[in-house]
Amino acid sequence: MYLPCPCCGWRDMREFTCIGAADYCDRPEADAPPEAWDNYLHLRDNPAGPARDLWYHAPCGTWLEVARDTVTHAVTGSTAVEEAG
Amino acid sequence: MIELSASDPFAGLHLPLVHGAARLDSVPPVRITAIAPLPGQTEALASALGGFPAPGEVLDTTLRLVWVGRGQAFAFGEGLPEGLERHAALSDQSDGWAGAQLEGADAQAVLARLVAMDLRALAVPSSVRTLLGHLPLLLVKQSETAFDLWTYRSMAGSLSHELDRAMRMVAARRALA
Ligand SMILES: [Zn+2]
């Protein structure tokens with residue numbers, strides 16, 4: 001499997017670490033209700049189809065959000081988390 | 001004050017190694033300064049340095065500037081411009097890295113066994129952060145037949161071991177053909 005690093009281009013999967021669903025990027029506000037924090041920390045969708053994952057490319061130090069399809073295994077793109085804001 | 005004496009990271013590892021059409025030797029010690037632009041300072045830094053390398057770039061000014069990661073470059077050599085600390089975080093990395101050059105007609109064939117990248121497609125000069133086997137690697141392509149391979153100093157033994165093995169395998173294949 002190859003993944004596109006926004007910095008380095010397509011690279012072998014062994015260079016990356018998978019952190020999990022990109023939900024980790026959507027951190028609730030500090031005063032959000034417990035339900036929001038419960039959702040953020042523990043609840044995931046497990047989609048069959050398009051999915052957003054958070055990966056880390058250790059060689060260059062880029063955190064990236066990868067768009068892929070869990071049914072077809074197609075990887076359709078990525079963006080640097082830093083640039084996504 | 002204690003006077004420390006410099007030592008070769010590849011000491012005792014029997015460099016240079018020569019097998020078939022590939023030769024591995026250590027890169028002579030050189031000052032390495034990591035340069036990370038402070039927020040909003042990349043342009044000012046670039047004009048002070050004569051440029052700042054984009055991903056994969058190697059720029060030769062009075063120093064050699066090598067892209068080494070997101071928002072970071074290494075300057076190889078002495079003589080950083082004065083006042084650079086206003087624009088960037090600087091740290092001396094000279095003792096932290098070990099560099100060896102793999103050179104020869106079979107250099108790419110040797111690296112093809114260890115690095116999961118097509119090195120033929122890269123410009124000369126250019127830089128890549130990747131892995132050599134399990135080792136973190138900064139690769140600088142010097143020519144189609146010469147590659148500088150940098151890893152953390154503590155891994156110099158593993159670097160030369162992996163390359164020694166791959167060089168022997170490629171040479172053995174050539175001998176059979
Ligand atoms: Zn990268």
Side-chain angles (χ1 to χ4, degrees), chain A residues 1-31 40-41 44 50-85, chain B residues 34-42 52-58 65-74 88-89 91 93 96-97 111-123 126-141 147-152 155 159 162:
Chain A
M1 180 169 154
Y2 278 71
L3 291 175
C5 172
C7 215
C8 307
W10 289 88
R11 291 300 184 88
D12 192 90
M13 198 190 77
R14 78 190 81 165
E15 297 188 1
F16 296 86
T17 306
C18 186
I19 311 297
D23 300 33
Y24 282 120
C25 293
D26 308 322
R27 189 184 174 87
E29 295 298 324
D31 57 358
Y40 171 69
L41 289 171
R44 295 294 176 263
R52 292 160 58 239
D53 295 329
L54 191 58
W55 292 75
Y56 181 62
H57 190 220
C60 77
T62 297
W63 289 88
L64 56 151
E65 199 181 296
V66 174
R68 66 184 184 96
D69 192 301
T70 58
V71 174
T72 64
H73 294 182
V75 175
T76 49
S78 74
T79 49
V81 170
E82 185 186 32
E83 277 142 30
Chain B
I35 305 176
L38 297 171
Q41 289 291 312
T42 306
F52 190 77
E57 258 184 3
V58 172
L65 302 173
V66 176
W67 177 86
V68 296
R70 195 166 187 83
Q72 196 176 84
F74 280 177
S91 65
Q93 300 280 325
W97 290 76
L111 290 174
R113 289 172 174 253
L114 294 167
V115 179
M117 278 196 63
D118 185 355
L119 301 175
R120 296 170 301 183
L122 298 177
S126 59
S127 85
V128 169
R129 286 303 298 266
T130 180
L131 298 173
L132 184 139
H134 290 125
L135 306 175
L137 180 71
L138 163 63
L139 177 149
V140 179
K141 183 177 180 180
F147 299 85
D148 287 0
L149 308 167
W150 294 88
T151 193
Y152 305 136
M155 299 176 187
L159 182 80
E162 292 274 21

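Fair warning: this is a prediction, and the values are worked out from it, not measured in the lab. Residue numbers begin at 1 in each chain, while the letters A, B, ... track the order of the sequences.
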Heavy-atom closest pair, residues A/Cys7 and B/Pro55: O-CB, 3.5 Å
Across chain B and chain A, what donor-acceptor pairs are shorter than 3.5 angstrom?
from	atom 1	to	atom 2	distance (Å)
B/Arg70	N	A/Cys60	O	2.8
B/Arg70	NE	A/Glu82	OE1	3.0
B/Arg70	NH1	A/Thr62	OG1	3.2
B/Arg70	NH2	A/Glu82	OE1	3.0
B/Arg70	NH2	A/Glu83	OE2	2.9
B/Arg129	O	A/Arg11	NH1	2.7
B/Thr130	OG1	A/Glu15	OE2	2.3

Per-residue contact mode, A/Cys8 against chain B (heavy atom under 4.5 angstrom): side chain
